[in-house]
Each structure stands twice: as structure tokens, then as C-alpha cells.
Amino acid sequence: MTDNRSAQEARALEKRLGRRSNGRRGWRRRAAFAVSTALSELIVRLIEIGAALSVTLFAFVPVLLARLALRLPAGKPVFSKRSVFGRSGKPLTLLSFDGLSGGMATLPWFLELFTGRLALAGTSIRDWQPTAPAPEQGYISMVKPGIVSLWRVRQSSRIAHEGREATEWEYIFSKHPAYDFLLILRALPALLFSEKEASPSPLFNLLDLKIDNITMREAIEMIRQTIEERRQSAIFFVNPDCMNKSVTDREYREALVAADHILPDGIGLVIAGKMLGTPLRENINGTDMLPFLCEMAAEAKRSIYLLGGKPGVAEKAGDAIAQKFAVTIAGVMHGYFDHKTESAGVIEEINRSNASILLVAFGAPLQEQWIVRHREDLRPAILMGVGGLFDFFSGNIQRAPRWMREIGLEWVYRILQEPGRMWKRYVVGNPLFLYRVMKWKVLGRNLNL
């Protein structure tokens, strides 16, 4: 009886929906959708043609005339060709200015906006390969490639940790004229951090500290191997504030030197790498690393211990992390204990938990000094200083939106959150750091900064 009633209700609902979709109201909805879609596409094309005209008149033509005058008499080519994936996965040949790099080399690409073969914003431009792409890549190729792409923006700020394919899918699901417009705006400041293609050194020497110049994936693999091989590694992150402290605080500097790995944290180090001609491969920080770290730990059936923060913060962060990433939290402990008299008891509790990874959030330089001082007594394989990570994951402090991190303005968001505590670190500290980097470079890398 109940089944018959449910079937009748379903048929009645189907009839109502059918009448609604076939009736005047349904026709109006479809017409409104078609008009809005066509209007959006028209606006996008007008913006693209306007951008193409502006770049052609004020940038492409002057550079073209200069290149013709310089290269033709020398018998050198003006353009070079690059075969890439076009829309629907078909090959597309793009011209670039031969002998130039970066945005200047790709000025001829704006001519393709007139033809419609490139978009101003779209998926990233990939080199053509005659072999059939994977099904996922095949679908991505159906979307028109763009001069500006989400992948390229995140690459410029060195936070493309999810990888190219995941980033492309994110763009496809978010694609909308308004989203594309905001993406183009984000691409402008991202140009400040972009680097020409290079093979960077695996170590980045900055103010006489050896910083690992690796990707997020490589860092996670390094951690996984350390755990599997039953070794122990102390891993620290450094940002401009940490680098400033390392110049004036000898004990902190010695703790950093004693680390097995130092990882670059923040857009300030990306800029420093550009200043020194040593481009950073990725901007790695503990907050971005945690999801990848938890994924690895969960797969390997390893647990994590959280030490630090105000009372209650580590507990909230542990609950949130365990729920979100399905990783085992072996234990938690706040950081407000007497580090001279009570550390032995805390270390004993950590060791009893059998955690493979210890995250210490005392803030720099206390966390690094504590780890180095007690390293021989600690059993976890990974000893990592993570600063304010627990505050972010406990919900006490909101992290900057992704778009602000993409253009290197996360520090502005932190100032707005805690102006009294953060203004000096960033407003004074960031310029001081860059001054020290330049002085170190110009004066023969003398550490008297």
C-alpha cells in the first residue's frame, strides 16, 4: 500500500515538473538562461578584444619594431614557435619573441585573442604531445587555454602544492566570467614573483643558512622515508621574521644550524630567492603541509602528537585534525609548562604515546631550541616546529583567503587580525629582511648585518 502511494506521488511530481518545464514559466527560465549565457560570453569577448588591442598597440608593436631592428641585420630570428594543446586537445602553434623571457616573450600570444584560439583566462598552456592524454587531461583540454591560468598564478607565488591536474579541475569547476576577471586581477601582482624557467639548486643559501629548495611532495616523501628507515629528523620552517631573529639571536641560529632540514616559509623568501638569482621551487609552510602530512601518516598508519599553544588549543586542534584528515592523534599537551623543570615529564608522555611525528608549537625561537635541547630524549622520528599552526586549526585564528595567499598578501591579513602584535613583525620586519638580503648579496655575503 505504501509502495503504491509512493509511486503515485512520484508520478504526480513528474507530471507537475513536466508541466512546469513545458509551460510558460519553464520557457521563460530557459530563455533567461540562454540570454544571460550569451551576454556573459559577449562581455568576455569584448574584454578579451580590448585587452588584445591595448597590448598590441602599446607593447607588442614597439617590441616588434625593436626586435626587427636588432635581429634582422644580425640574421637572427624574431620569433620562435611553440606547439601546445589548443581547445578540444588539438595542436596549436604559438609565436614568442625569440631571445626574450617572461611576459615580454609571450606578447605575441595576445594576437590569438583576436582569433579566439586562446582565452584571456583559461586552463594552463601545455606543450603538445602526440600521444593520447589521460581521460582526465582529455576533459581539461576541452576548455580553452588562457594566457592567464590559476595554475600559473599559484606557480608564481609557489603555492601550487596540489599539482597541475587538481588545480586545473578546481578552475574548471569555478569557471565563471566574474571568477575569470578576479583571476586576471590576481595575475598582475603574481607577475612580481614569477621567474623564468630554471633548474634551481637543491639548497638555497640565505644569510648563511642552508634551506632545502624542494617541493611539498618531495618534503612529504622525505618525511615518509625518515619514518620508514627509523631515523630521526628535526625539521624547522623559516620566514622573514625568523631570518631576522637568526641574525641577532645566536642560540636560535645555532638551533637552526643543528636542524636536519630547514624549509622556506612565506612570500618574503620567494622574493629573496629572486633577488639572489636562486629561485625557490615552492613556498612551504607548516599550515599548508599539514593536510599532506596527515594524508601520508594516515596511509602509513602513523600517529601525530601535538605539543604547544595555550591550554585547550591543542585539544581543539587535535579534534579538528583527526576529524578532517582521518589521522590518529596520539596525544596533546599545551605549551604553558615550566620548560626547565617539567620537560622530562612531558617527554616521557610523548614517548609513551608511540607517536611517529611530534609537532611543537611554542613559536620561534623557543620551539627550535626546545627540540634541539631535548632531541636525544625524544623518540618520535619527526620533530617539527610549527609556530601558530594549532591556532589556525583550532579555529582561534582565521587564515587568509586563498586569493590573498596567491598574491603574497597573507601578511596583510595577519596585521588586520592582530595589529598590535603583528604590525612591527611585518611593516618593519619585512623591509629589514629584504635590506639584509641585499646587503648580504652586495657586500660579499658578510653576516654583520
Side-chain angles (χ1 to χ4, degrees), residues 124 149-164 166-167 170 183 186-207 209-223 235-244 246 256 259 261-293 364 384-389 392-393 399-415 422 425-426 429-431 433-434 436-437:
S124 62
S149 69
L150 181 62
W151 166 250
R152 186 57 186 160
V153 168
R154 290 186 180 169
Q155 268 194 318
S156 296
S157 53
R158 310 299 192 276
I159 60 169
H161 306 310
E162 294 85 357
R164 187 172 196 155
T167 305
E170 180 182 342
L183 178 62
R186 300 204 298 274
L188 297 176
L191 291 174
L192 298 174
F193 318 125
S194 62
E195 295 272 2
K196 63 182 181 180
E197 295 296 326
S199 298
S201 168
L203 283 177
F204 174 36
N205 184 12
L206 180 61
L207 305 186
L209 283 178
K210 302 298 189 295
I211 299 172
D212 288 43
N213 195 2
I214 58 179
T215 67
M216 181 72 79
R217 297 290 182 180
E218 289 170 344
I220 296 298
E221 179 61 20
M222 172 191 72
I223 292 171
I235 301 173
F236 302 147
F237 301 90
V238 289
N239 55 33
D241 182 58
C242 297
M243 297 303 299
N244 284 334
S246 75
L256 291 176
H261 301 281
I262 303 176
L263 299 176
D265 172 7
I267 200 66
L269 271 75
V270 174
I271 297 173
K274 188 168 185 177
M275 291 168 60
L276 298 172
T278 309
L280 283 181
R281 296 178 66 190
E282 286 194 14
N283 170 5
I284 301 176
N285 60 71
T287 311
D288 283 343
M289 176 181 279
L290 187 67
F292 299 96
L293 185 68
M384 187 180 294
V386 294
L389 182 144
F392 290 124
F393 281 89
R399 197 174 182 201
R402 187 67 179 263
W403 69 267
M404 292 190 76
R405 287 178 271 153
E406 289 171 351
I407 59 177
L409 291 181
E410 184 170 10
W411 59 275
V412 174
Y413 193 83
R414 296 290 288 120
I415 292 176
M422 291 296 177
R425 173 186 295 187
Y426 294 117
N430 284 356
F433 165 68
L434 296 178
R436 282 174 165 155
V437 172

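Here the structure is a predicted model, which is why all the values come from computation and not from measurement.
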Practice task
Say whether, by atom type as modelled, one donor and one acceptor occur between the side chain of R281 and the main chain of P279 under 3.5 angstrom.
Solution key: no
Exercise for the section: For E282, enumerate each residue passing the salt bridge (Lys or Arg N to Asp or Glu O under 4.0 Å) test, keeping only those at least two apart in sequence or located in another chain. Expected result: none
Completion exercise
Taken in chain and number order and not counting sequence neighbours, the residues that satisfy side chain to side chain contact (heavy atoms under 4.5 Å, CB included) with I407 are R186, P189, W403, L409
Exercise for the section: List the atom of A272, the atom of L206, and the distance in Å for their closest heavy-atom pair. Expected result: CB-CD1, 4.2 Å
Exercise for the section: Before accepting this row, confirm whether a basic side-chain N of the pair R154/E170 lies closer than 4.0 Å to the acidic partner's carboxylate O. Expected result: yes
Problem - Non-hydrogen atoms of L263 and M289 that approach each other most closely - result: CD1-CE, 3.7 Å
Fill in the blank from the handout: Looking only at heavy atoms, the pair that brings I235 and I223 closest together is CD1-CG1, 3.7 Å
Problem - Rounded distance [0.5 Å steps], CZ in F236 versus CE in M384 - result: 10.0 Å
Exercise for the section: Decide yes or no for V270 and K274: does some side-chain heavy atom of the first lie under 4.5 Å from some side-chain heavy atom of the second? Expected result: no
Practice task
Give, for atom CZ of F433 and atom CG of N239, the distance between the pair rounded to the nearest 0.5 Å.
Solution key: 9.0 Å
Problem - Residue pair M222 / H261, side-chain heavy-atom distance below 4.5 Å - result: yes
Practice task
Output all residues satisfying salt bridge (Lys or Arg N to Asp or Glu O under 4.0 Å) with D212, sequence neighbours left out; order by chain, then residue number.
Solution key: none
Handout entry: Results of side chain to side chain contact (heavy atoms under 4.5 Å, CB included) for P431 - residues two or more places apart only
Key = none
Exercise for the section: Would you please name every residue forming a salt bridge (Lys or Arg N to Asp or Glu O under 4.0 Å) with R217, sequence neighbours left out? Expected result: none
Handout entry: Under the side chain to side chain contact (heavy atoms under 4.5 Å, CB included) test, residues paired with N285 that sit two or more places apart
Key = D265, N283, T287, D288, R399
Handout entry: Side-chain donor or acceptor of R405 paired with backbone N/O of A400 under 3.5 Å
Key = yes
Handout entry: Side chains of R402 and I159 in contact at under 4.5 Å (non-hydrogen atoms)
Key = yes
Practice task
Could you grab the distance from atom OG of S157 to atom CD of E406, nearest 0.5 Å is fine?
Solution key: 6.0 Å
Practice task
Output the distance between atom CD1 (I214) and atom CD1 (I284), rounded to the nearest 0.5 Å.
Solution key: 5.0 Å
Problem - Where V238 and I211 come nearest, the two heavy atoms and their spacing - result: CG2-CD1, 3.9 Å
Practice task
Specify the closest pair of heavy atoms between C242 and F237, including all atoms of both residues, with the distance to one decimal.
Solution key: SG-O, 4.0 Å
Practice task
Starting at CG of L209, measure out to CG of L203 and round the result to the nearest 0.5 Å.
Solution key: 11.5 Å
Handout entry: pair T278-N205: side-chain heavy atoms closer than 4.5 Å
Key = no
Exercise for the section: Identify the two heavy atoms, one from N213 and one from L280, that lie closest to each other, and give their separation to 0.1 Å. Expected result: OD1-CA, 3.4 Å
Handout entry: Rounded distance (nearest 0.5 Å) linking atom CD of E410 with atom OH of Y426
Key = 7.0 Å
